[in-house]
A.B. asks: 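Dumping the structure here so I can ask a few things about it.
Throughout, residue positions are numbered sequentially from 1 according to the sequence presented. Side-chain atoms are counted along with the backbone in the values below, which use heavy atoms only and exclude waters and symmetry mates. Both ligands and their constituent atoms are indexed starting at 1 by order of listing.
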Amino acid sequence: MQKPVIVIKLGTAVITNEEGVISHSIIKKVAAEIAELFATHRVVLVSSGAVGSGKVFIQHYKGSITERKAAAAVGNPLLIQLYQKHFSKYDIPVAQALCERHHFSNRFQFLQLKETFEAFWQNGILPIVNENDLVSNVELKFSDNDELATLIAVGFDAETLVICTSVGGFMDDAKNIIPRVEKIDGKVMGYVQTGKSSLGLGGMTSKLTFTRLATSLGIQVIICGLAGKTPFADALAGTTGTTFVSQASNLKARQKWLASGSITLGTILVDKGAVKALRQRRSLLTVGVTSVQGKFAAGEVVQIKDEEENIIGVAKVKLDTAAIRDGISQKNVLAAHADDIVIF
Ligand SMILES: N[C@@H](CCC(=O)OP(=O)(O)O)C(=O)O
């Protein structure tokens, strides 16, 4: 039996100390615990912090896209050196994997990435992932590393996705951490704070959006902090942080990949009739499309939203943005085949 996959995502704020620099003692603690987990799991570590590590080298840094790219390119090797130093105490070599969106939206590239990660694990090497900020252009950037970690967790069919944040968990209106969430419903969404940490990109809204996707695809998600001696063991035992229970999913690997590729390329909004047809596993015809958002090509994966703008699923489309818009007036043109649609 293969060891289960666990994806651990560390945000910038959670590995940064009060002086605003990446904390060596936190990386040391994280390495000690991940080294233990590595004996029983295929671990992927997704770590932010490249921009945070490199921005001191950029004069008069203001945080423009170009400055962030430059800072990330300087910071990534520094960050990986730090991990390398601390994991070497446990004889665990680390591999740096800088990812871009096409590694996920193109199934062939994703399968290659997957094979390489399997080779890492077979050789006792820990993959440490970050976005390849230097070359990621604005339209195709991941929204943040919460998204990247989710794509990895879904693509690798992970058992658990751990998202570490400086607030230590998911809080209710009274700012108490909720230990366990069975299902992300309207009430839970209502607790989301829109504030973001000044050090990172992802706020709780993005965490919850990706958590909802991951749990709906059968992955347990834990949002936790790094307090205490054994933060991961504590969070996995359910004594700290918030555990979001995974929902039953009988989707096959390709459908999960389809679903995980959903997050950005574009959106098709559909009417009530189309929602009903899609739930009966029928194809999507342009007659049911009310509008199209974003820009996508034929063969790409887009999200499907209902009239209330809830994401109801994803589809690999047969037509590009313009052709679907044209099809809305021509009515019964096939926008996506039933086999290429996943409804959550
Ligand atoms: N790729 C960027 C991190 C982007 C990001 O998502 O940051 P965070 O919200 O701190 O997880 C970096 O390494 O600085």
Side-chain angles (χ1 to χ4, degrees), residues 7-23 26-27 30 44-58 61-84 94-104 127-153 161-170 192-211 213-214 221-226 231 241 260 263-264:
V7 178
I8 298 175
K9 186 259 168 172
L10 302 175
T12 310
V14 83
I15 55 170
T16 301
N17 64 20
E18 300 83 55
E19 282 90 54
V21 292
I22 307 295
S23 160
I26 293 176
I27 302 294
V30 163
V44 181
L45 177 59
V46 177
S47 179
S48 302
V51 175
S53 304
K55 64 186 182 188
V56 291
F57 298 96
I58 311 300
Y61 179 85
K62 297 243 171 19
S64 71
I65 300 270
T66 309
E67 285 174 334
R68 286 183 62 84
K69 286 181 173 195
V74 186
N76 258 322
L78 299 173
L79 189 63
I80 204 81
Q81 267 172 34
L82 196 56
Y83 280 115
Q84 191 273 332
V94 297
Q96 183 167 45
L98 296 178
C99 292
E100 295 161 44
R101 181 166 294 287
H102 59 90
H103 297 136
F104 295 88
I128 302 186
V129 179
N130 196 355
E131 176 166 14
N132 192 2
D133 292 289
L134 174 62
V135 293
S136 288
N137 59 28
V138 183
E139 311 84 63
L140 287 181
K141 268 189 81 57
F142 297 105
S143 58
D144 54 44
N145 273 346
D146 298 331
E147 178 180 7
L148 176 53
T150 306
L151 292 178
I152 294 202
L161 165 64
V162 181
I163 301 178
C164 297
T165 147
S166 48
V167 294
F170 182 69
V192 166
Q193 306 290 306
T194 46
K196 288 182 177 182
S197 132
S198 60
L199 295 163
L201 280 181
M204 206 38 101
T205 314
S206 104
K207 285 180 179 44
L208 205 58
T209 306
F210 298 122
T211 297
L213 176 73
V221 180
I222 298 174
I223 297 183
C224 64
L226 286 180
S260 69
I263 303 171
T264 52

A.B. asks: Provide the number and element of each atom of ligand 1 under 4.0 Å from a heavy atom of Ser48.
C.D. replies: 3 (C), 5 (C), 6 (O), 7 (O), 8 (P), 10 (O), 11 (O), 13 (O)
A.B. asks: Has ligand 1 got any nitrogen or oxygen that is less than 3.5 angstrom from a nitrogen or oxygen of Thr12?
C.D. replies: yes
A.B. asks: Check whether any side-chain heavy atom of Ile152 sits under 4.5 Å from a side-chain heavy atom of Phe104, and report yes or no.
C.D. replies: yes
A.B. asks: With atoms numbered from 1 as shown, which atoms in ligand 1 lie under 4.0 angstrom from a non-hydrogen atom of Lys9?
C.D. replies: 8 (P), 11 (O)
A.B. asks: Should you measure from each heavy atom of Gly11, which atoms of ligand 1 turn up under 4.0 Å away?
C.D. replies: 10 (O), 11 (O)
A.B. asks: Report the distance from atom OG of Ser47 to atom CD1 of Ile128, rounding to the nearest 0.5 Å.
C.D. replies: 7.0 Å
A.B. asks: Report yes if some heavy atom in the side chain of Glu131 is under 4.5 Å from a heavy atom in the side chain of Glu147; otherwise report no.
C.D. replies: no
A.B. asks: Using heavy-atom distances, let me know which of Thr16, Val51, Asp144 sits nearest atom 14 (O) of ligand 1.
C.D. replies: Val51
A.B. asks: Which option, Asp133, Asn76, Asn132, Val129, owns the non-hydrogen atom nearest atom 1 (N) of ligand 1?
C.D. replies: Asp133
A.B. asks: Ala50 to ligand 1: N or O pair under 3.5 Å?
C.D. replies: yes
A.B. asks: Among Arg101, Lys69, Glu100, which one satisfies side-chain contact (heavy atoms from CB on, under 4.5 Å) with Asn132?
C.D. replies: Glu100
A.B. asks: Can you list the atoms of ligand 1 that are under 4.0 Å from a heavy atom of Asn130?
C.D. replies: 1 (N), 2 (C), 12 (C), 13 (O)
A.B. asks: To the closest 0.5 Å, what do you measure between CG (Leu10) and OG (Ser48)?
C.D. replies: 8.0 Å
A.B. asks: Please check: side-chain N/O of Gln84 versus main-chain N/O of Ile80, any donor-acceptor pairing under 3.5 Å?
C.D. replies: no
A.B. asks: What atoms of ligand 1 come closer than 4.0 angstrom to any heavy atom of Gly49?
C.D. replies: 12 (C), 13 (O), 14 (O)
A.B. asks: Between Asn145 and ligand 1, which residue portion shows a heavy-atom distance shorter than 4.0 Å: side chain, backbone, both, or neither?
C.D. replies: both
A.B. asks: Hey, are the side chains of Val51 and Tyr61 touching, using non-hydrogen atoms and a 4.5 Å cut-off?
C.D. replies: yes
